[in-house]
Q: 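Handing you a structure now.
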Amino acid sequence: MGMKFFHVPRSKDFHMPYRFYDPRKEEMAEREARIKAELGIKEEGGKQKVTPETYKTSIKGSFRQGLSRGRFAEQQRRKSNIRVIVILVLLALLAFYMFK
């Protein structure tokens, strides 16, 4: 056996796995509670109660907003593509006149 002059033993870590704790289940419960609060769903004795006022306001006009966002993004993409093409044409003309 070799001799170890500068050997310092490490402390032993204690690790005990959780038996009754499921982090995924707890995360899912928190997410469900947050979503229910956003939608205005209230639980009473195991039954869920939806308040119509909050439900209507969260849905009202959301389909039209989604469409307008899609159109807006598409218009911005077209403008960006046109800018790139114009810049490339200008650079090509500049290179043509410089190396002529």
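One is the number of the first residue; the rest follow in order along the sequence.
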Q: Restricting to salt bridge (Lys or Arg N to Asp or Glu O under 4.0 Å), what partner residues turn up for Glu27, sequence neighbours left out?
A: Arg31
Q: So, using side-chain hydrogen bond (donor to acceptor under 3.5 Å, both in side chains) as the criterion, who are the partners of Arg24 when residues are at least two apart?
A: none
Q: Tell me every residue that passes side-chain hydrogen bond (donor to acceptor under 3.5 Å, both in side chains) with Glu30, counting only those two or more places apart in sequence or in another chain.
A: none
Q: Which side-chain N or O atoms in residues 80-99 pair as donor and acceptor under 3.5 Å with protein atoms at least two apart or in another chain?
A:
from, atom 1, to, atom 2, distance (Å)
Asn81, ND2, Arg77, O, 3.4

Q: What distance separates Glu32 CD from Ile35 CD1, expressed to the nearest 0.5 Å?
A: 7.5 Å
Q: For Arg10, check salt bridge (Lys or Arg N to Asp or Glu O under 4.0 Å) against everything at least two apart and list the hits.
A: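 Arg10 satisfies salt bridge (Lys or Arg N to Asp or Glu O under 4.0 Å) with no other residue.
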